[in-house]
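Below, chains carry the letters A, B, ... as their sequence lines are ordered, and counting in each starts from 1. None of the values given here were measured: they were computed from a predicted structure.
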Amino acid sequence: MCGRFAIHSPTDQIAARFGTVGQLPEFGPRYNAAPLQMLPVVRAHPETKERRLGLLRWGLLPVWSKDAAGAARMINARAESVPEKPAFRSAFRKRRCLIPFDNFYEWKADGKAKQPYAIGTTGNEKPDAFAGLWEGWKDPATGEWLHTFTIITTTANDATRDVHDRMPVILPPADWPAWLGEEEAGDDRLVGLMRPYPADRTRLWPVHRDVGNVRNDRVDLIEPINPA
DNA sequence: CCAGACGTTGTT
DNA sequence: GTCTGG
DNA sequence: CCAGACGTTGTT
DNA sequence: GTCTGG
């Protein structure tokens, strides 16, 4: 699955890579992006098709949520069921997005201990993109609107399976127009995009256990650790 | 008709 | 919001 | 995802 | 054990 990631490419580089227009959000490098935080997301305007980079909160709140308490359990959506699940199906049809990332983290269970690994692609162009969904939610208590998102997961590939059996859907640039709704795409096409990233273009390395605590956010969290 | 549910993950 | 169960 | 907390009562 | 917060 995917419950933590890093996005440290400069904001103007993110905008250039995704071809977004308009004002850039205030956002610095993050090495330990966690659920419930405001993070950069790429969306295309349904009419003009212009791509925009904005900050949305990680953890999708369905429109009918009475409060924001359940958001932390909606940080991922399963590719296998997302077209049918009531919490995700309308977002799957109308509100797809891309989440820029440089690498994500998975924890390998090892008895009681858990060893975190950073995972990324071998591509030179950064950042990469997770497939995501977003939703707007109006807080009944305050009347404030909150825009939230979730990251779609699929089965692990041969490079990551030893660490964990699920991984986020990573979309190559060729798939971005269809996913963002700039090209007409039916369910079958969209379902076909949600597949594991090729194992031969995936790399993985162990990192410091400090990444487990969301209060830690340092560049060395993405650096390979020396086997003790 | 109204009431109630609606999600993911990991673990043994 | 939208579907299912009663 | 991990870390950290984990309670009750009555009232408008 | 299970839920909430980040």
Distance, P atom - from D:dC2 to B:dT11, rounded to whole angstrom =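 Result for the P pair: 8 Å, nearest Å.
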task = Mind checking which stems touch DNA chain B? I mean at least 3 consecutive Watson-Crick or G-U pairs, both distances under 3.5 Å.
result = B:1-6 with C:1-6
Find every protein N or O atom lying less than 3.5 Å from an N or O atom of nucleotides 2-6 of chain E, and list the pairs.
from	atom 1	to	atom 2	distance (Å)
E:dG6	N7	A:Pro35	O	3.4
E:dG6	N2	A:Arg4	NH2	3.4

Does the side chain of [Y] come within less than 4.5 Å of [X]'s, by heavy atoms?
X	Y	result
A:Cys2	A:Met167	no
A:Thr155	A:Arg166	yes
A:Asn32	A:Arg218	no

Derivation and outcome, salt bridge (charged side-chain N to carboxylate O under 4.0 Å, His left out), residues A:Asp128 and A:Lys126 = CA-CA 5 Å; A:Asp128 289 305; A:Lys126 298 291 176 183; 2.9 Å; yes
query = Counting side-chain heavy atoms from CB outward, which of C:dG1, B:dC6, B:dT9 is closest to A:Ala87?
reply =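 Of C:dG1, B:dC6, B:dT9, B:dC6 is nearest to the side chain of A:Ala87.
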ask   = What do you reckon, do A:Trp107 and the base of D:dC1 stack, with centroid distance below 5.5 Å and planes below 30°?
value =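 So no, this residue does not stack on that base, at least one cut-off failing.
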task = Please list, chain by chain and in numerical order, all residues satisfying salt bridge (charged side-chain N to carboxylate O under 4.0 Å, His left out) with A:Asp139, sequence neighbours excluded.
result =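 With neighbours one apart ignored, the set is empty.
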request  = Apply side-chain hydrogen bond (donor to acceptor under 3.5 Å, both in side chains) to A:Arg89 and list each qualifying residue two or more places apart in sequence or on a separate chain.
outcome  =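 By the side-chain hydrogen bond (donor to acceptor under 3.5 Å, both in side chains) rule, A:Arg89 matches no residue at all.
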ask   = A:Phe18: what forms a ring pair (Phe, Tyr, Trp, His ring centres under 6.0 Å) with it, not counting sequence neighbours?
value =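 If we apply the ring pair (Phe, Tyr, Trp, His ring centres under 6.0 Å) test to A:Phe18, skipping adjacent residues, the hits are A:Trp176.
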request  = Please name all residues satisfying ring pair (Phe, Tyr, Trp, His ring centres under 6.0 Å) with A:Trp107, sequence neighbours left out, ordered by chain then number.
outcome  = none
